[in-house]
Amino acid sequence: MSSIQIILLLGIAAVTGIASVLDEGQSHRPLIACTLVGLVLGDLKTGIILGGTLELMALGWMNVGLAMAPDTAIASVISTILVITAGQGIGEGIAVAIALAAAGQVLTIFVRTITVFLIHRADKYAEEGNFKGIEIMHITAMGFQALRVMIPTLIVTLISVSAVQTFLGNIPEVITKGLQIGGGIIVVVGYAMVINMMNIPHLKPFFYIGFLLAAFTGFNLVGFGALGLCLALLYQQVMQRNQMQAAGVPAATSSERVYDDDDDLDA
């Protein structure tokens, strides 16, 4: 692994660590983080596949009240690095990611406990009207969140490939196979959750058409994407025309001309 790759991976780790707290850009999600790591390491395909699998597993991971969810940032970045550098399969990646997510959960609680002190300092600066101090406390808190992912990532990048291969090779096959089966089940559950969130009756026929085409044709993902875009544009045009007709406004065509009675040129 080159120095440039290590620097880029540390940058990705910093962004995912901060995003896991801000939740605005969602760049800490496995699908984004794993894809970026795969791009840096030159194996984009593995990054996307592992990210998509972990994304469906992590759909239900969220912070509710005081319950801290497993850490998707550390799990996504480090598991992708280990899988790609050691040439392992998705099953090993899932096994490592689950363990890292649990360890990252403990680390997240520890770092957030430290940042409580910074927040109290920010409250004190707010009472004093010290806006610069408030900014410093917020930036420092985000820096701790970035280091939370950067430091483990740096340790992993410095480990030799043979050591990583030995570590992943010592995982019992019953665990990796079990996690592969469990991951497949969770993927189905993830799709079911997405379908429930997209439960729009008048759009379901397009959903079923996609499944039928996937089952009985040789379309690839690029073809399905282009077909979906065409159907979306067609649906939008039809709906717009129907709305105009319902409002009593005839749809204008290119051969029609609209004349104004008050136009001086008509005189």
Considering non-hydrogen atoms only, spot the tightest contact between [X] and [Y] and give its length.
X      : Y      : value
Thr115 : Gln145 : CG2-NE2, 4.4 Å
Ser76  : Pro30  : OG-CA, 3.2 Å
Ala122 : Ile134 : O-CG1, 3.7 Å
Thr140 : Leu118 : CG2-CD1, 3.9 Å
Gly52  : Leu31  : N-CD1, 3.7 Å
Cys34  : Gly51  : CB-CA, 3.5 Å

Treat each ILVMFWY residue as a node, draw an edge where side-chain heavy atoms are under 4.5 Å apart, and state whether [X] and [Y] are in one component.
X      : Y      : result
Val40  : Met150 : yes
Leu158 : Leu8   : yes
Val111 : Phe117 : yes
Leu44  : Val83  : no
Ile84  : Ile78  : yes

(request) Please identify each residue that fulfils side-chain contact (heavy atoms from CB on, under 4.5 Å) with Leu229, with sequence neighbours left out. (result)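 Leu229 satisfies side-chain contact (heavy atoms from CB on, under 4.5 Å) with Leu233 only.
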(message) side chain to side chain contact (heavy atoms under 4.5 Å, CB included), that's the test. Do Gln236 and Met239 meet it? Break it down for me.
(response) CA-CA 5 Å; Gln236 183 180 8; Met239 290 296 296; 5.9 Å; no
(request) Answer yes or no: is there a side-chain heavy-atom contact under 4.5 Å between Gln237 and Gln240? (result)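 No, their side chains stay 4.5 Å or more apart.
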(message) Apply side chain to side chain contact (heavy atoms under 4.5 Å, CB included) to residues Ile119 and Met137 and explain how you reach the verdict.
(response) CA-CA 7 Å; Ile119 299 303; Met137 291 300 102; over 6 Å; no
(request) Go through the steps to decide whether His120 and Lys124 satisfy the test side chain to side chain contact (heavy atoms under 4.5 Å, CB included), and finish with yes or no. (result) CA-CA 6 Å; His120 287 312; Lys124 183 178 179 180; over 6 Å; no
(request) For the pair Thr157 (side chain) and Leu154 (backbone), establish whether a donor and an acceptor sit closer than 3.5 Å, ignoring hydrogens and angles. (result)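 Yes; at least one donor-acceptor contact below 3.5 Å.
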(request) For the pair Thr16 (side chain) and Ala13 (backbone), establish whether a donor and an acceptor sit closer than 3.5 Å, ignoring hydrogens and angles. (result)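 Pair found, side chain donor or acceptor close to backbone of Ala13.
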(request) Please confirm whether Tyr235 and Phe206 have ring centers closer than 6.0 angstrom. (result)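 Yes; Phe206 has its ring centre under 6.0 Å from that of Tyr235.
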(request) Could you tell me the separation between the CG atom of Leu39 and the OG1 atom of Thr80, rounded to the nearest 0.5 Å? (result)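 Rounded to the nearest 0.5 Å, the CG-OG1 separation comes to 12.0 Å.
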(request) Inspect the surroundings of CZ in Phe224 and state if more than 12 heavy atoms from other residues, nucleotides or ligands are less than 6.0 Å away. (result)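 Counting other residues, nucleotides and ligands, CZ of Phe224 exceeds 12 neighbours.
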(message) Given Thr153, which partner from the list Ile6, Ile12, Val77 fulfils the side chain to side chain contact (heavy atoms under 4.5 Å, CB included) test?
(response)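 Result for side chain to side chain contact (heavy atoms under 4.5 Å, CB included) with Thr153: Val77.
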(request) Using the side chain to side chain contact (heavy atoms under 4.5 Å, CB included) rule, pick out the option among Ile81, Ile151, Thr85 that qualifies with Val156. (result)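 In the set Ile81, Ile151, Thr85, the residue that makes a side chain to side chain contact (heavy atoms under 4.5 Å, CB included) with Val156 is Ile81.
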